[in-house]
Amino acid sequence: MNKSFYHHCTLLILLLLAPAFHASGSNELPIPHIKQGTAKIVGSVTNFNAHEGEKLRFEIIVVNPIGGVRKVYAAEIDKNNHFELTVPLVCDRMITGGALYSDSIVCWGGWIGLDQYNDLNIKLDFANSQKVTVSMSGGLTGFSCEDLSNLSTSFDRFGEFHIVRHDYYKMPPKEYKDYILNKELRARIKYATDSLVFSPFAKEWLLKAFHFRYGGPLLGYKELAECNYRMDSVYYDMKHSEKYRIEEPSKSYYSFLKEYHLNDPKLLYFSFYYSEFMQNLLSVKAFRIPQIKDIPTKQWIDTVKCNIKEAVGFDNGEFYDLLAANAYAMQVCENNEPLSAVQKANICEYYETHNRDIAQILLDIDKGALEEASRPADINVEPAPIAPKEENEPLQVSPNKLMDSIISKYRGHAVLVDIWATWCLPCLMGINQMKAIEEDLKKKGVIFVYLTSSTSPKKIWQKKIKTTGGEQYYLTKEELAGILDSVHTDGYPTYLFYDKQGELKNKRIGFPGIDTIKDELLKLSY
């Protein structure tokens, strides 16, 4: 199999979610519901020329639309080239990414539709060295075969399209919104769909997916503008940055939310972005949404309705139940604060008459977070990348040599260096998504190194790394600038891939998706 085939298989499989799965010729997706259960996948792999002793496994990643918790489920391909996988779901129907891995590469990746009421059968045939033949039956049905192919191409293009970085912080909120919707998003969509043919049904879903994906940047105007300004402050050594103030958008800025039809349960199909969208919404200062704390759930929802009903266009429906659920989950997953006894009682009381499964999902999230917190921490926090003088000579190392000093500590291991900041939203998104693959890669000897600088407030950094793990370095602004210069990059986040000999083999600016990262590191770990 040639190199271009493997490259095609790793194109942002899990970065931009769209409903691309096998077809039944139907023109409507079934409505998904929050419901705990399992879906079964049965599959086979034929005509794959594996190396002696090489194992194959099929993996999928499932994202909980409540809290955004990501979990990976895998099954090894047996000696008869078959596999079975039973996947726990919190929605009765879900669209997610599946991939076939060997010990060293991603062999195939694509979208699959899961249904708790209908087992999915998938067959992967590698007889054609240029293209994998994929056939599916059962599971979730939807688009035509032509739609499937073109949706995949379109989403690859959407992720690859290069946007020249603009000075967002110089734009007032309305100008920023108009620029995002009327220029940046339209340019991406035009590039992504050019010369491709879709059925009207597929085209409608494609555009909805693209717009929903951009909900985060629209809701996070101030944070992105501040991130953009901090980057310029670092790169251009801008003075008096503490005097610069980003304008807070008013309620009228968020009028675009009505176009999202947030009460549409089919938005649950975009589970990779759903919780992130809800958390961004909860953080909008103009809406004055209180932290849920021990407030009775119905009382909290009634307060929120008064604050946001004009912006979203309605004052009832499941959306508000899911918003409250994400408020609880945000406390547990993002703020590392377990549910109180009062909160658990409030949850059970409210969702008893709304959706009991939501209550159980929240209790499971809380239990899982407590179990995770009780495990031994895999964190090596170092205040500086150079050890004290009695342990490591010489103490004085020029900024452009710091990277070599850090990497030398991990010779014999493949290393991923993640250059990030606490104020960089794409950085935090990448760190969160990589949790799904870190454990498996650590077993193969991969080391995860995280570098940030004093542009990130230290107390916030110390809080963030409690759930990140890996090798943590908190550098001065000058030290990190020296590292960025030494590897010829100026973007956040930046990912550096080092082989076992400590040689830089690849570099990515911006989060490329977990499959791309995993594929790169698997190659370097052998």
Side-chain angles (χ1 to χ4, degrees), residues 1-15 48-59 61 72 74 76 97 99-109 159-160 378-380 385 401-420 427 430-451 468-473 483-484 486-489 491-526:
M1 298 177 199
N2 62 24
K3 184 177 180 181
S4 64
F5 167 73
Y6 290 125
H7 174 71
H8 174 76
C9 288
T10 57
L11 283 175
L12 301 177
I13 294 170
L14 300 179
L15 180 60
F48 184 87
N49 296 320
H51 298 298
E52 186 177 353
E54 186 175 33
K55 293 182 179 180
L56 291 178
R57 67 187 183 282
F58 186 84
E59 290 187 3
I61 182 169
V72 173
E76 285 196 0
L100 181 72
Y101 291 97
S102 71
D103 288 337
S104 57
I105 56 172
V106 181
C107 308
W108 172 84
E160 293 167 352
D378 180 24
I379 300 175
N380 180 14
K401 295 292 185 181
L402 286 180
M403 196 72 251
D404 291 338
S405 298
I406 293 172
I407 294 301
S408 66
K409 297 175 60 177
Y410 310 113
R411 291 281 165 80
H413 297 271
V415 178
L416 175 68
V417 176
D418 182 346
I419 300 176
W420 69 293
C427 300
I431 288 172
N432 190 33
Q433 291 197 20
M434 282 198 296
K435 291 177 182 179
I437 62 174
E438 280 187 5
E439 198 61 38
D440 185 43
L441 289 169
K442 285 177 182 177
K443 292 177 182 177
K444 299 182 182 299
V446 176
I447 302 293
F448 290 82
V449 174
Y450 297 88
L451 308 182
T468 303
E471 305 285 315
Q472 298 283 347
Y473 293 85
I483 287 176
L484 290 170
S486 70
V487 295
H488 309 292
T489 185
Y492 284 79
T494 288
Y495 301 93
L496 306 174
F497 299 82
Y498 288 85
D499 65 14
K500 293 181 178 181
Q501 289 72 46
E503 181 180 348
L504 179 61
K505 305 301 290 186
N506 206 348
K507 173 177 63 179
R508 301 272 184 172
I509 302 174
F511 185 62
I514 58 175
D515 270 19
T516 298
I517 288 177
K518 187 171 185 176
D519 191 32
E520 295 276 2
L521 292 173
L522 283 173
K523 292 174 184 176
L524 296 175
S525 65
Y526 287 95

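Everything numeric here is computed off the predicted structure, so don't read it as measured data. The chain is numbered in sequence order, starting from 1.
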For a 4.5 angstrom cut-off between non-hydrogen side-chain atoms, does [X] reach [Y]?
X      : Y      : answer
Met434 : Leu416 : yes
Ser525 : Leu441 : no
Tyr495 : Val417 : no
Tyr101 : Leu522 : yes
Lys518 : Asp440 : yes
Met403 : Leu496 : yes

Take the angle between the ring planes of Tyr473 and Tyr410 and call it parallel below 30°, perpendicular above 60°, tilted in between. perpendicular
Over all atoms of both residues, closest heavy-atom pair of [X] and [Y]:
X      : Y      : result
Gln501 : Arg411 : O-NE, 3.2 Å
Pro493 : Asp418 : CB-OD1, 4.2 Å
Ile437 : Ile514 : CD1-O, 3.6 Å
Glu59  : Ala74  : CG-CB, 3.4 Å

Hey, what do you get for [atom1] ([X]) to [atom2] ([Y]), rounding to the nearest 0.5 Å?
X      : Y      : atom1 : atom2 : value
Leu521 : Ile447 : CG    : CD1   : 11.0 Å
Lys409 : Glu471 : NZ    : CD    : 6.5 Å
Lys435 : Glu438 : NZ    : CD    : 8.5 Å
Tyr498 : Leu504 : OH    : CG    : 4.5 Å

Whether the side chain of Lys500 engages the backbone of Leu524 through a donor-acceptor N/O pair (distance < 3.5 Å, no angle test) should be reported.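 No, because the side chain of Lys500 does not come within donor-acceptor range (under 3.5 Å) of the backbone of Leu524.
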Quick one: do Arg508 and Glu520 make a salt bridge, cutoff under 4.0 Å? yes
